[in-house]
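Here is how names work: the chains are called A, B, and so on, in the same order as the sequence lines, proteins then strands, and each is numbered from 1.
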Amino acid sequence: MATILLDQVRKVYAGNVEAVKGVSIDIADGEFIVLVGPSGCGKSTLLRMIAGLEEISGGEIHIGDRVVNNVEPADRDIAMVFQNYALYPHMSVYDNLAYGLRNRGVAKGEIDSRVKEAARILEIGTFLDRKPRQLSGGQRQRVAMGRAIVRQPAAFLFDEPLSNLDAKLRVQMRIEIKRLQKALGTTSVYVTHDQLEAMTLANRLVVLNHGRIEQIGTPLDVYEAPATTFVAGFIGSPAMNLIPVKAKEGGLALETGEGLLAPNGHGVAQAILGVRPEDLVLATDGVAAPGGLSLEMTVIAVEPVGAESYVHGTVEGLKDDIVMRAGPKTDYAPGSRLKLTAVPEKLHIFDAQTGARLNA
Amino acid sequence: MQTKRITFKAKGLPYLLVAPQLAVTLVFFIWPASQALYQSVLQQDAFGLRTEFVGLANFENLFADPLYLASFKVTMVFSFGTTFLSMGVALMLAVMADRVIKGATGYKTFLIWPYAVAPAVAGVLWWFMFNPTIGVAAYAIRQMGYDWNHTIDGNDALILIIIAAAWKQISYNFLFFLAGLQSIPRSLIEAAAIDGASPFKRFWTIVFPLLSPTSFFLLVVNMVYAFFDTFSVVHATTAGGPGQSTSILVYKVWRDAFESLDLGGSAAQSVILMLIVIALTVIQFRYIERKVEY
């Protein structure tokens, strides 16, 4: 059990490529933190720096009450679960679990009881004698988790541990990881590019982009009040509709000056207006919600996904398509015109240049 | 995997297609081998005028001959020495090369070079360096207080041919070890590092066991090399001497046939060598082609 503190951590690779640009995160004891971002955003590099597998170019990393910048991975009291599991192929499951304990000179009886206990928790007791290649993907994943928990480390580090599993197993293991982490109460840092995984697992999300933190917050905070247009576009599926707007007498309009979309509550000349697909609704009797958004969309296609449907359409004067979430069995013929609206509380306004959120 | 079978109508075509391979095998492998088998049960007089069938007498003579048994022993020491020396050095170099980041290509090229040197040339090179009168290495050893003279001391001579033969093979082993090392996922090493294993322990508990298929393959290849491909190294360096101290089996075959003109005895020796090759090949096929499981 320990806190992890990252203070202005930087990673510069040879040739002056800055992969991580001054990241600070304060992770509480027992917290489940998920680092999420597109590939190349520096999330794995950051995790590897916490693990000690990657040198730290600047800043400090604290685990518990010590600075670990120059501490060997083995001495940081962390355990890591790798994307490809990294099980030792020539050792049995038992030996895989026991390896780290043996290296630390733990007594034989103690090793045995800890391995058995981990095997019981993860339900891998029946194949302790097998070699990793005789296991299925899900079982290997469990062994990899087992190797982490037998050590009883101060923190777990997960590097996209579920990305090699099929969709069904991924959901199952996701729930299991969450349950396990809650039961053990071990501080965890989890890296993923899958925003659904991030949302469901995290106590707090850290959204990274180009080696910088875009936002830190609980999943719902991040979802409901994305700090930047990047976060708005990255978290949520389908993504938030982002509409470039400019000020016009009486409110905000499309960049072409066409149509009045929403009131200009922030007095900006230019901005980006965001609205989530589920916040778009049909305007009753063609009347927009008072003070809210008003859009006229031409339907291109309807995507039924079972419990709901996504209506894709174009808005005159707008480059990108607009997506609206509708109920199941929604059916609009392509070309039909819909009057849409959204209540003012559901609108997100971002700065046109920096992409930073303007409304609270 | 299902593959579609394509059938040609012409009946003769398949035979025609395998004919070159068959011809080469027959002329260069089967025929000489059968000749050796045939010769091994014959004895010829000193002038080559009379040849008579003697059954297994040649083999009986061989195994009663202390020189032949000594040659067996020398060959064993030589082939194990060569194999372990070349594999050990190659593994060490490969482990180091695996860590080199800058100039890795140049470094590897230099390490692979010796393989392009003809064995005889390699033998001569080492002969020069260890020459008791003019050799650099011999001089250095003598400075350290050891009187190196492979022309008199049989042990020195054996060490010399082991070094010369191993040096040739290091490049080959190095290539395979390097490829083997590079195919071990980095995350395994990292996991072991997090699991608290020192670099030394990581090597012996993770890297080395994972290299075992490569090592086993190289073990057989190197044994075969030391047994059968080292004639030129021995010939150029010590010529089997002093006395018979470096006369390995394959060298003795040649010497007995072409210098002592004991064709029957020499043929019997080749037959024994052939049996050794067959044994090694069987080992290779049984354990290596089937992929060593770890």
Q. Checking A:Arg76 against chain B: side chain, backbone, both or neither under 4.5 Å from a heavy atom?
A. neither
Q | Under 4.5 Å from any heavy atom of chain B - which part of A:Leu101 | A | neither
Q. Which distance, rounded to the nearest 0.5 Å, do you find between the CG of B:Leu211 and the NE2 of A:His90?
A. 10.5 Å
Q | Residues forming a salt bridge (charged side-chain N to carboxylate O under 4.0 Å, His left out) with A:Arg130, sequence neighbours excluded | A | none
Q. Does anything in residues 180-192 of chain B get under 4.5 Å of chain A by heavy atoms, and if so which residues?
A. B:Pro185, B:Ser187, B:Leu188, B:Glu190, B:Ala191, B:Ala192
Q | Close side-chain approach of A:Met91 and B:Ile206, heavy atoms under 4.5 Å | A | yes
Q: Let me see the working for A:Arg102 and B:Asp195 under salt bridge (Lys or Arg N to Asp or Glu O under 4.0 Å), right down to the final yes or no.
A: CA-CA 9 Å; A:Arg102 286 189 186 134; B:Asp195 265 343; over 6 Å; no
Q.
Below 4.5 Å, heavy-atom pairs only: which of A:Val81, A:Leu87, A:Asp75 has the largest tally toward chain B?
A. A:Leu87
Q | Within 6.0 angstrom of A:Asp166 CG, more than 12 heavy atoms from elsewhere | A | yes
**Q.** Heavy-atom neighbours of A:Glu60 CD exceed 12 at 6.0 Å
**A.** yes
Q | A:Tyr88 portion near chain B, given a 4.5 angstrom heavy-atom threshold | A | both
**Q.** Flag if over 12 foreign heavy atoms under 6.0 Å of CZ, B:Phe110
**A.** no
Q | Contact origin within B:Ser198 toward chain A - heavy atom pairs under 4.5 Å | A | neither
(Q) Need one label for A:Ala79: side chain, backbone, both or neither, based on atoms under 4.5 Å from any heavy atom in chain B. (A) backbone
Q. Which atom pair, heavy atoms only, marks the closest approach of A:Ala51 to B:Ile194?
A. CB-CD1, 4.3 Å
